[in-house]
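Start at 1 and go down the list; that is how both ligands and their atoms are numbered. What you see is a predicted model; the values in this text were computed from it and never measured. Keep in mind that the numbers below use all heavy atoms, side chains included, and drop hydrogens, waters and symmetry copies.
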Amino acid sequence: MNLATAGEEPGQNRVSTRGFLADVLAGLAADPKTLPPKYFYDTAGSELFDAICEQEEYYPTCTEISILRTHANDMAKAIGADAMVVEYGAGSMEKIRILLDALVTPVAFVPVDISEAHLIASARELSRFYPSLAVQQVVADFTKPVHLPAPPRPVSRCVALFFGSTIGNFDPDPTVAILRSIGDTVGPEGGLLIGVDLQKDEDRLVRAYDDAAGITADFNLNLLTRINRELGGDFVLERFRHLVRYDRDLGRIEMHLESLVDQSVGVAGRAFNFFAGETIHTENSYKYTLASFDDLATRAGFRCDQYWTDGEGLFAELFYIRTP
Ligand code: AVI
């Protein structure tokens, strides 16, 4: 077992309270108000996200898992033997196990995630099942360049895994920038296996982000709890509600926190006024067609090698190769 945490130096690959504060103050001062979704994932938020993935309405997780189960051997063949696999936004590392079981002599597994405690716990758990695999986790914000650890032996190629349609949480231009940066990390002829949520009927989409049990609502509101705890905010959660809408033109689900009353909220000594009905825009989740996603990946320097989808065409797993 090799459990090393890279990126520990201050300012390198870590979420700093200063950065969180700056982003929150800027977002609440903006018109319309906004907060970056990367801050959802503190320990409680990561646990809530895992619970979302178990909700019946949230089809992306079970659909992607069934695509991985059905096609793991073909994916492993596309990746090849002796690869270093780097999982962006690794979370609880359930999906990687399907692929690890099919991969031929992987050199190392590098899970990259912003939520440190969750990452370390999940990496440790994974290592129990794969005792001879080098698991080299990196606590990082993958929207910035990620410093990869040195592999324990030579690698045939580096392949990035980006499951769960996490890429859908970024606008198109940042998406191209992130894909390009992944391309720089894996290098020419490196690979990218990426899960993408596909466009579908609005009702199904909205239900996936507004589950009956209210887990996604708790996940969204937890952002305010985190601001209260870490930045000395005084949000009263009962004065906000979770709001979901689908923007058909932009092909994206939007999550907001809507103020139920006129109110003023303090964060780190600054006051922010809300009128009743005003929202904080907390997340976008883009839904693509195969062609519209391929357009972005091509702009980022990748060519599609193969892809796999489910019978209903809800979700796709695409394998790209970085062009020289
Ligand atoms: C992480 N990401 C892909 C999720 C999504 O579907 O956009 C985040 C999420 N937000 C609400 N539910 C799930």
Side-chain angles (χ1 to χ4, degrees), residues 34-65 67-68 87-96 111-115 118-119 122 140-143 160-172 174-175 178-179 182 193-200 202 204-224 226 240-247 250-258 279-288 293 296 310 314-318:
T34 177
L35 288 171
K38 66 180 178 180
Y39 296 116
F40 280 134
Y41 301 94
D42 62 355
T43 303
S46 296
E47 283 168 4
L48 283 165
F49 180 66
D50 286 349
I52 287 174
C53 294
E54 282 164 20
Q55 298 311 298
E56 198 213 310
E57 298 95 325
Y58 193 72
Y59 62 84
T61 308
C62 54
T63 309
E64 184 173 40
I65 286 173
I67 296 171
L68 290 171
E87 187 180 0
Y88 284 71
S92 54
M93 297 178 209
E94 224 185 295
K95 294 169 193 162
I96 186 62
V112 180
D113 201 280
I114 203 167
S115 178
H118 199 58
L119 178 68
S122 302
D141 173 357
F142 57 71
T143 59
L161 311 173
F162 206 169
F163 296 136
S165 69
T166 303
I167 196 68
N169 295 131
F170 299 90
D171 287 334
T175 293
I178 290 167
L179 294 178
I182 292 175
L193 181 65
I194 189 163
V196 173
D197 197 11
L198 300 175
Q199 288 188 2
K200 57 190 62 64
E202 181 167 339
R204 181 123 195 216
L205 282 169
V206 170
R207 274 190 291 121
Y209 290 82
D210 200 5
D211 59 278
I215 310 291
T216 310
D218 290 347
F219 172 75
N220 200 5
L221 286 158
N222 179 58
L223 196 46
L224 304 184
R226 183 176 186 183
F240 288 85
R241 78 169 177 115
H242 169 65
L243 181 72
V244 175
R245 56 171 85 116
Y246 183 59
D247 186 321
L250 294 174
R252 72 185 193 195
I253 279 283
E254 293 183 4
M255 290 207 319
H256 296 254
L257 289 164
E258 181 185 16
T279 75
I280 311 172
H281 187 170
T282 52
E283 186 180 65
N284 291 319
S285 196
Y286 283 84
K287 310 302 168 190
Y288 289 103
F293 185 79
L296 300 184
D310 57 287
L314 299 175
F315 199 94
E317 210 67 36
L318 301 104

Can you tell me how far the [atom1] atom of [X] sits from the [atom2] atom of [Y], to the nearest 0.5 Å?
X      : Y      : atom1 : atom2 : value
Tyr88  : Ile194 : OH    : CD1   : 10.5 Å
Ile253 : Asn284 : CD1   : CG    : 10.0 Å
Leu68  : Thr63  : CG    : OG1   : 11.0 Å

Is it true that Phe219 and Phe40 have ring centroids separated by less than 6.0 Å?
yes
Check for me whether the distance between the ring centres of Tyr209 and Tyr58 falls short of 6.0 Å.
yes
Can you tell me if [X] has a non-hydrogen atom under 4.0 Å from ligand 1?
X      : answer
Ser165 : yes
Gly164 : yes
Phe49  : yes

Between Asp171 and Tyr286, is any side-chain donor less than 3.5 angstrom from a side-chain acceptor?
yes
Modelled atom types, side-chain donor and acceptor of Lys287 and Tyr246, under 3.5 Å:
no
Part of Tyr209 within contact of ligand 1 (heavy atoms, under 4.0 Å)
side chain
Please work out, at 4.0 Å between heavy atoms, whether the side chain, the backbone, both, or neither of Asn169 comes within that distance of ligand 1.
side chain
Can you sort out which atoms of ligand 1 are near Thr166, meaning under 4.0 Å from one of its heavy atoms?
3 (C)
The atoms of ligand 1 lying under 4.0 Å from a heavy atom of Tyr41, numbered in the order shown, are 1 (C), 8 (C)
Based purely on interatomic distance, does [X] place a nitrogen or oxygen under 3.5 Å from a nitrogen or oxygen of ligand 1?
X      : result
Glu283 : yes
Tyr58  : yes
Ser285 : yes

